[in-house]
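Below is one structure, written out as C-alpha cells; comments come after it.
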Amino acid sequence: MNLENDIQTIVVQAVKTLYGFDAETNQVQIQKTKKEFEGDLTVVIFPFVKAARKSPEVAGQEIGEFIHKNNNIVSGFNVIKGFLNLNIHKSYWLETLNNIHADQHFGILLPAEDADIMMIEYSSPNTNKPLHLGHIRNNLLGFSIAEIQKANGWKVVKTNIVNDRGIHICKSMLAWKLWGNGETPQSTGIKGDHLVGKYYVLFDQEYKAEIKWLTETGMGEEEAKKSASLILEAQKMLLAWENNDPEIRHLWETMNGWVYAGFAETYNQLGVDFDKIYYESETYLDGKSKVEEGLKSGVFYKRDDESVWADLTGEGLDEKLLLRGDGTSVYMTQDIGTAKLRYDDFDIKKMVYVVGNEQIYHFQVLSVLLDKLGFEWGKNLVHFSYGMVELPEGKMKSREGTVVDADDLIAGMIETACETSEELGKLDNCTPQEKENVARMVGLGALKYFILKVDPKKNMTFNPKESIDFNGNTGPFIQYTYARIKSVLRKAAEMGINFGTKIDSDLEISEKESYLIQLLAAFPSVIEEAGKEFSPALIANYEYELVKEYNQFYHDFPMLKEENTHLRQFRLILSESIASVVKTGMKLLGIDVPERM
RNA sequence: GGUCCCGUAGCUCAGCUGGAUAGAGCAACGCCCUUCUAAGGCGUGGGUCAUGGGUUCGAAUCCCGUCGGGAUCACCA
C-alpha cells in the first residue's frame, strides 16, 4: 500500500542480492525527487557504496536495474551522482487517485470506541483582563492540536482552567468598588472582560500613585509597596473571599460573570471551544489536601515558619514552595489540585498543557511533584510550550499600551476581508449575510493561518502596522484555491458533466498531474507527523505547497474545455480530491473554507 | 552565574530522522484577464545559513567553543 515502504523493501532485497549486504529498511533513504531532475522518488545510494565496492554511479545503475526488473510500479530510472531517480508508472498514480477519491475520510484516523483519552488544556485566562494576541496564539494552537490528535485516533478532551481567584482578582474588584459608580457592561455598553480589565488597570495606576506619594514622604520603596492602603485593602478582600464573606463573594461572582460573558464572545469569534472547564476556585483546596498528604508521607517538609516545601535538588531542580506560612496556596498547589480532579473525572492516558515557554520550569517541577505524589502519569505529561508573539519593538507591554487586543484584531481582520471583497466585487450578487460569512471566514483564515504556519516553538513577530496579508503564503490564498475548484465543479454540474468516480488507469497524464497525486498521497503521513510533533505548522505548510502546485496546474491545464473526456474526467476528479484535502487540512487548523469568495 | 530556546534574502517564515545548485511569501521591477474566479500565473534582482572548529564520502541540519537575542531560576499567576 505504502509506496515508500515498498521501494525500501525492494532496495533491501537488491542490496542483499547484488552485494550480500544486510540493510535495515529504515537505512534506505527515500525522498521526493527534486524538481530539476526527472523522476518521482529518489533513493540515496551512498549508504551502500562501501558494501558494493563500486562507485555510486555504478551501484545506482545496478540497484536501479534490479528494481526495474523486479517491480511493476517503477517504469524507469536514471542515476545522477549517488542518486537513483525512479519513475513511477502513471497507472500507479491513477490508482492512487482513485483510492483517495473514494475515501471519505482520507488522511483521518477515526477514534475507535476504546481509544485512549488525551486531555488538552489550553487558553487558561486570568479573569482580570481581556484576551490579547498572546492568548490568540495559545487558543489557536490548543484547538488545532486537539483537532490533529483527533485525526490521529485519540479521544480528545479539551479543557480550560480559569484562574478566577487570588489577589489579582481582588484588585479589580476593589477598584470597581471604590471608583466604579455601579458601572456594568449593560450600563456602559462595554464588553464585560474589557470593563473589568479597565478597573484592573485603574487599580495599578492608583496603587503606583500611592507608592510614589509614600516614597516622597520618605518611606522606602519596598516598604511603601507593602504598606500602601490599596494593597492592604485588596489583601483584606482576599481573606474575606476565602472566609466566604457573602458581600465579597457576590461581587466576585458578578464581576466574573461579566468576564465570562466577554470571553465566551471572543472564543466564539475565534471558533474555539472546550469540553470541560475547571475553575481554580474549585480546585485549589484539593491541591492543599494533596500537599498535606505529601507532607505526611514525608515527600515534602515544613520549615520553621510553617511553610511547606519540596526538595527537588536531587532531580537537578531547586526547592519549591507549595504552601505559604499562613497556609494559603500558590500556583503550583493549584495545578496539583487541578491535575487530581481531572484524573478523577476522566480516564486520561495523556495530559497536554498548552502553555507558553516561559513556564517550562514550572512544568518540569509539576511533572516531578506529581510523580512523587504517586500519580503514575505525572512523568509523562506533555508541556506543549510555544514561543512569544512579539511586536517589532519587542514584547507586548500592557503598561505601555502596546498590547494587541484580541477582539480588536479579529474585528479588524474581518473588516479588511470585507473591504477587499467589496473591491473585487466577486460577491456582488450575494446576500449581505453570505458576504458577512465569507468576510468572517477569510479574515479569520488570514489570522489563523498567519499564526499557525509558524513553528510553535519559535518566537514570532507580529507587525500591527503592516496588517496581515491576503496574498501569497496566506490563509486566503488557500481558501481562494478551494473556492476556485468549487466554482469549476459547479460549472461542470451545470454543463451536465458527470465525471463519475473511476479513472482508467491507462490514461496518459502529465508530470504536473502525477506530482499533484503524489502530494495528495502524502497527506496522511503529514497528519501523523503533525500529531507526533504537535505541530499545526506542518499541516499549514503542506496545504500551501499543495495549493501552490495546484494553482500552476489550474493556470496551464484546461478542465471544462478539455475535449478528451477521459482527461476532463480525470482533472475534475483530481481537483475534487484536492479540494477535499484542502478542506480537511484547513479544518485541522480550525479554518473554514468558503464555497465562493 | 546555572538551565532552556532561538539566530537562514531588506522584512516575515519553510527547509523531515545529515544528501543534489539553500526555498517560499512580502516589498521592488517587468509580463499575462474576448479563455474554467487575476485574493491567480510567469519572470528579474536579492544569501559567507551569526561565527570558529570538529565528525562525515557529504553539514543550514549532528557535536564543542565564541558572539548576539529571548525565557527562566518568586511566599506572582
Side-chain angles (χ1 to χ4, degrees), chain A residues 26 29 31 33-34 36-37 42 44-47 49-50 56 80-83 85 124 126 128 163 165-169 280 303 305 307 309 316-318 320-326 328-332 334-335 356-362 364-365 385 387-388 390 392 394-395 417 420-421 423-424 426 442 446 450 453-455 457-463 466 468-481 483-492 495 525-526 529 533 537-538 540-541 544-545 548 551-562 571-572 575 596-597:
Chain A
N26 58 17
Q29 291 179 51
Q31 47 194 263
T33 302
K34 291 208 159 205
E36 53 269 38
F37 302 104
T42 296
V44 183
I45 296 301
F46 293 108
V49 293
K50 215 172 242 175
I80 297 170
K81 295 190 195 171
F83 299 92
N85 301 320
S124 309
N126 285 342
N128 56 3
N163 179 10
R165 45 144 259 129
I167 188 74
H168 52 291
I169 310 296
E280 238 166 57
R303 288 191 181 167
D305 66 352
S307 57
W309 293 73
L317 303 166
D318 295 310
K320 189 75 193 171
L321 176 86
L322 297 171
L323 285 177
R324 295 192 188 95
D326 62 3
T328 55
S329 63
V330 293
Y331 180 36
M332 188 61 75
Q334 294 156 7
D335 257 355
N357 62 10
E358 74 274 15
Q359 293 193 31
I360 289 175
Y361 182 74
H362 173 82
Q364 277 175 359
V365 172
S385 78
M388 313 256 93
E390 288 168 352
K395 281 190 74 172
T420 309
S421 187
E423 273 171 36
L424 294 171
K426 288 180 189 171
V442 173
F450 177 84
K453 77 171 176 185
V454 181
D455 182 351
K457 68 171 186 286
K458 287 191 177 181
N459 287 0
M460 62 180 293
T461 314
F462 174 77
N463 189 343
E466 303 170 10
I468 294 172
D469 243 296
F470 287 74
N471 303 318
N473 186 359
T474 66
F477 174 81
I478 297 171
Q479 291 170 317
Y480 175 68
T481 308
R484 258 178 155 187
I485 296 175
K486 284 298 179 178
S487 171
V488 172
L489 295 176
R490 274 194 303 272
K491 291 226 161 88
M495 291 163 66
S525 63
V526 172
E529 189 70 14
E533 299 290 320
L538 292 177
N541 289 313
Y544 175 65
E545 197 193 343
K548 191 174 160 50
N551 276 331
Q552 292 168 356
F553 161 80
Y554 181 94
H555 186 264
D556 295 338
F557 295 80
M559 281 179 269
L560 301 176
K561 293 191 172 61
E562 174 57 52
R571 287 182 185 155
L572 288 170
S575 298
R596 60 186 86 215
M597 66 184 272

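In what follows, every chain begins at residue 1, and chains take the letters A, B, ... in the order their sequences are listed.
Residue A:Gln29 is in base contact, counting any heavy-atom pair closer than 4.0 Å across all strands shown. Among the protein residues, A:Phe557 comes within range of the nucleic acid bases, having at least one heavy atom under 4.0 Å from a base atom. Among the heavy atoms of the strands lying under 4.0 Å from A:Thr461 are primed sugar atoms or P, OP1, OP2 only; no base atom is included. Residue-level contact check: A:Phe477 touches the backbone only, with heavy atoms under 4.0 Å from sugar-phosphate atoms and none from bases. Nucleic acid contact class of A:Val44 (heavy atoms, under 4.0 Å, all strands): base. Using a 4.0 Å heavy-atom cutoff across all strands shown, A:Met597 reaches at least one base atom of the nucleic acid. Here A:Asp556 lies out of heavy-atom contact (under 4.0 Å) with every strand. Looking at heavy-atom distances under 4.0 Å, A:Thr42 makes contact with a base. If you check every strand for non-hydrogen atoms under 4.0 Å, A:Gln479 touches nothing. Here A:Phe462 lies out of heavy-atom contact (under 4.0 Å) with every strand. A:Val442 comes within 4.0 angstrom of a nucleotide base, judged by non-hydrogen atoms across all strands.
Comparing A:Gln334 and A:Lys491 by the nucleotide of RNA chain B that holds the closest heavy atom to each, the one mapping nearer the 5' end is A:Lys491. Across the interface with RNA chain B, nearest-nucleotide mapping of A:Tyr544 and A:Pro558 shows A:Tyr544 to be the residue nearer the 5′ end.
For B:rC75, its base sits under 3.5 Å from the side chain of A:Asp305 at one donor and acceptor pair at least. Judged by atom type and distance alone, A:Asn85 reaches the base of B:rA20 through a side-chain donor-acceptor pair under 3.5 Å.
Across B:rU37, B:rG70, B:rU72, the shortest atom-to-atom separation from the side chain of A:Glu358 is found for B:rU72. When the nucleotides B:rG70, B:rA77, B:rC13 are ranked by their closest atom to the side chain of A:Val454, B:rC13 comes out on top. When each of B:rC75, B:rC4, B:rC26 is scored by its nearest atom to the side-chain atoms of A:Asp469, the top-ranked nucleotide is B:rC26. Between B:rC36, B:rG40, B:rA77, one nucleotide has an atom nearer to the side chain of A:His555 than all others, and that is B:rG40. Each of B:rA14, B:rA77, B:rC73 was ranked by its minimum atom distance to the side chain of A:His168; first place goes to B:rA77. Distances from the side chain of A:Met460 to the nucleotides B:rC75, B:rC13, B:rC36 place B:rC13 closest. In the set B:rG40, B:rC36, B:rC57, the nucleotide with an atom closest to the side chain of A:Val488 is B:rC36. Of the candidate nucleotides B:rU37, B:rC6, B:rG25, B:rU37 has the atom lying nearest to any side-chain atom of A:Tyr480. Of the candidate nucleotides B:rC13, B:rC36, B:rC75, B:rC75 has the atom lying nearest to any side-chain atom of A:Leu321.
Shown here, B:rC4 forms a base pair with B:rG70; the pair counts as Watson-Crick or G-U wobble because both key distances fall under 3.5 Å. Nucleotide B:rU61 forms a pair with no other nucleotide shown, judged by Watson-Crick or G-U wobble geometry with both contacts under 3.5 Å. Taking a pair to require two hydrogen-bonding distances under 3.5 Å in either a Watson-Crick or a G-U wobble arrangement, B:rU56 remains unpaired. With a 3.5 Å ceiling on both atom-pair distances, B:rU35 lacks any Watson-Crick or G-U wobble partner. Under the Watson-Crick and G-U wobble criteria, each requiring two contacts below 3.5 Å, nucleotide B:rG30 is paired to B:rC42. Pair check for B:rU21 finds none; no Watson-Crick or G-U wobble contact set falls under 3.5 Å.
Ring-to-base geometry places A:Phe46 in a stacked arrangement with B:rG19 (centre distance under 5.5 Å, plane angle under 30°). You can call A:Phe83 stacked on the base of B:rA20; the centres are under 5.5 Å apart and the planes sit within 30°. Stacking between A:Phe37 and B:rA20 is shown: the ring centroid lies under 5.5 Å from the centre of the six-membered base ring, and the planes differ by under 30°.
As a whole-Å value, the separation of A:Ile45 CD1 from B:rG58 P is 18 Å. One can place CG of A:Asn459 at 11 Å from P of B:rU72, the figure rounded to the nearest angstrom. Atom NZ of A:Lys458 is separated from atom P of B:rG7 by 4 Å (rounded to the nearest Å). In this structure, CZ of A:Phe553 is placed 14 Å from P of B:rU37, rounded to the nearest angstrom. Atom P of nucleotide B:rG40 and atom CE of A:Met559 are separated by 17 Å, given to the nearest angstrom. Across the protein-nucleic acid pair, A:Phe450 atom CZ and B:rA24 atom C1' stand 15 Å apart, rounded to whole Å. A straight line from CD of A:Gln364 to C1' of B:rC4 spans 8 Å, rounded to a whole angstrom. Protein atom CD of A:Glu545 is 12 Å distant from nucleotide atom C1' of B:rC16, rounded to whole Å.
An OP1 or OP2 oxygen of B:rG25 is reached within less than 4.0 angstrom by a side-chain nitrogen or oxygen of A:Lys548. For the OP1/OP2 pair of B:rG40 and a distance below 4.0 Å, the side-chain nitrogens and oxygens of A:Asn471 include at least one atom meeting the criterion. OP1 or OP2 of B:rC76 sits under 4.0 Å from a side-chain N or O of A:Arg324.
Closest approach of A:Asn163 and A:Ile169 over heavy atoms only: O-CD1, 3.8 Å. Taking each heavy atom of A:Asn459 and A:Met388 in turn, the nearest pair found is OD1-N, 3.0 Å. Heavy-atom minimum distance, A:Ala446 versus A:Ile468: O-CG2, 3.8 Å. Taking each heavy atom of A:Tyr544 and A:Gly472 in turn, the nearest pair found is CE1-O, 4.0 Å. Contact record, A:Lys453 with A:Ala537: O-CB, 3.5 Å, taken as the closest heavy-atom pair.
Spacing between B:rC16 and B:rC11 at atom P, rounded to whole Å, works out to 22 Å. A distance of about 32 Å separates the C1' atoms of B:rA24 and B:rU66, rounded to the whole Å. Nucleotides B:rA14 and B:rG30, compared at atom C1', are 27 Å apart to the nearest Å.
With rounding to the nearest 0.5 angstrom, the OG1 atom of A:Thr481 is 10.0 Å from the OH atom of A:Tyr554.
The ring-ring contact (aromatic ring centres under 6.0 Å, His included) check on A:Phe450 picks up A:Phe462, with sequence neighbours excluded.
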